[in-house]
Amino acid sequence: MNEYLVIMRLDLITKDVQPSPEQMEGYMKMYQDWVGGIAAQNKFVGGTGLATEGKVIKPNNVITDGPFAEVKESIAGFITIKAKDLEEAVNLAKTCPILYGEGNSVEVRQISGHHMDK
Amino acid sequence: MNQGELIPHLFRTEYRKIVAVLCNRFGFDGVETAEDIASETFLTASQTWGITGVPPNPIAWLYSVAKNKARNHLQRLNTFKAKVSPQIINDTTDSYETEIDLSPQNINDSQLQMMFTICNPAIPAEAQIGLSLRILCGFGIQEIADAFLSNKETINKRLFRAKEKLRELKVKIELPGPTAIDERLEPVLATIYLLFNEGYYSVSQNNTLRKELCLEAMRLCTMLVENAHTNKPPVNALLALMCFHASRFDARYSENGVQILYEEQDVNLWNADMISKGAYFLKAAATGNQLSKYHLEAGIAYWNTRKEDTKQKWEGILQFYNSLLQIEYSPVAALNRTYALAKVKGKAEAIVEAEKLELKDNHFYFALLGELYAGINNEMARQHLERALALAKTQNDKQAIKKRIDRLSA
């Protein structure tokens with residue numbers, strides 16, 4: 001079994017696409033059902049959602065409130081999962097409910113044992 | 001209560017107190033001496049009371065005999081230290097104070113400290129439960145052997161090795177400080193919960209013994225709730241969880257000891273008092289920002305005390321299982337989550353999820369698939385139930401599965 005990082009990206013910046021609290025509750029249930037399904041297969045390792053606030057640090061001690069990347073989509077959360085290969089990891093990740101949203105994305109990356117491993 | 005019943009009764013309630021106090025006084029090295037003195041105290045009681053009759057205050061009598069025996073032991077030890085051992089080893093430690101404090105406060109403190117001493121992950125879980133039953137609950141070796149479906153010799157060996165290990169580790173008998181308490185509570189709660197489950201799901205046919213194990217687990221947990229230092233949210237959550245489960249105790253077995261499934265239980269036999277106690281402790285658990293697995297399991301157990309099938313109930317249960325599985329995977333939780341999923345989203349979707357679980361040596365897995373396929377594809381349902389039947393181990397499980405196979409063809 002290998003471990004994979006599943007990074008969920010969505011637009012946290014554009015004001016009028018942000019969900020209402022009721023919508024958010026529905027989304028969270030869908031999200032929990034998805035993660036619960038992975039955990040029920042004993043393939044969930046860890047991970048969580050992220051707060052929308054944070055700081056970005058750049059060279060020369062430049063600290064800003066974001067945006068966190070040069071694109072509209074910010075990292076909204078991440079989980080680590082177990083899978084025998086990338087294909088299985090992608091299969092687990094592709095039912096992530098954030099993919100119902102236009103412009104959102106999920107990235108799957110294998111976790112390598114060491115910092116500099118290729 | 002006549003004398004024949006009184007001594008076993010007092011043994012159950014007082015033996016553990018005397019052992020805890022004496023052991024606290026002697027240090028864990030002296031645990032066997034503490035047990036011996038407590039046992040001898042009861043032996044003296046049964047010999048003396050048989051001749052002179054039961055004294056007016058039997059508990060005070062027992063304590064005073066235990067104190068005398070402990071004092072004699074400590075004096076012998078002092079003499080040995082003062083006169084004999086200096087010539088052998090260079091022992092300059094102070095002489096022991098020989099008075100033993102058997103006040104309610106010290107009894108309570110000693111028992112709590114003993115809980116933290118015994119529930120030590122350095123010894124196997126089975127041994128922790130065994131030692132807890134012996135030292136914290138005053139169970140006889142035979143009773144422990146019955147609970148584990150084992151024999152006295154095996155249990156004696158197991159307890160002996162566990163005590164030796166704790167001595168080797170030089171485990172101190174003390175309550176952990178405020179910074180370590182959360183971490184140290186974890187193995188204590190784990191052992192209490194195992195003890196409860198040992199009773200609740202035991203394969204032993206002895207219903208009285210099973211119930212006693214559950215009640216002992218609840219008693220130990222109550223002691224933790226009653227102490228300000230250990231009264232933490234997960235402790236309350238665990239107690240709530242046990243109250244909710246225990247509420248069904250009288251409904252779970254028929255008079256001749258056959259297990260009655262949840263769906264078929266007489267709700268009138270559920271203990272409403274226990275359920276409201278559970279609700280009280282669950283509320284007490286909902287402080288702070290700690291969400292332990294006991295909180296989640298208590299949440300599930302709460303919904304199981306309400307028999308009506310509502311959307312809210314099953315959505316609640318599904319979300320608790322989703323979170324529980326992220327904290328700690330177990331096949332049982334994975335199967336129960338899938339059952340809740342079927343209740344919320346329908347059998348078709350749940351079948352897809354169930355088939356991903358691949359728990360192919362688990363009869364509950366095939367029983368679940370049988371349940372999900374029933375009404376959708378009865379032939380598939382039958383095949384799964386037949387596989388479940390082939391894998392099931394206990395008579396109760398086999399009977400329950402056979403019943404469902406019969407129902408399919410009805």
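None of these values were measured; they are calculated from a predicted model.
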Inset, instruction - Answer yes or no: are there more than 12 heavy-atom neighbours, outside B:Lys283 itself, under 6.0 Å from its atom NZ? - result: no
Legend entry - Selection from B:Glu315, B:Gln326, B:Gln319, B:Glu353 maximising heavy-atom pairs under 4.5 Å formed with chain A: B:Gln326
Legend entry - Point-to-point distance, once rounded to the nearest 0.5 Å, from CG of B:Asn322 to NZ of A:Lys29: 11.0 Å
Inset, instruction - Check the surroundings of atom CD in A:Glu102: do more than 12 heavy atoms from other residues, nucleotides or ligands lie under 6.0 Å from it? - result: no
Inset, instruction - Can you establish whether the number of heavy atoms outside A:Tyr100 located under 6.0 Å from its atom OH is more than 12? - result: no
Inset, instruction - Taking all heavy atoms of A:Ala40 and all of B:Leu357, pick out the closest pair and write down the distance. - result: O-CD2, 3.2 Å
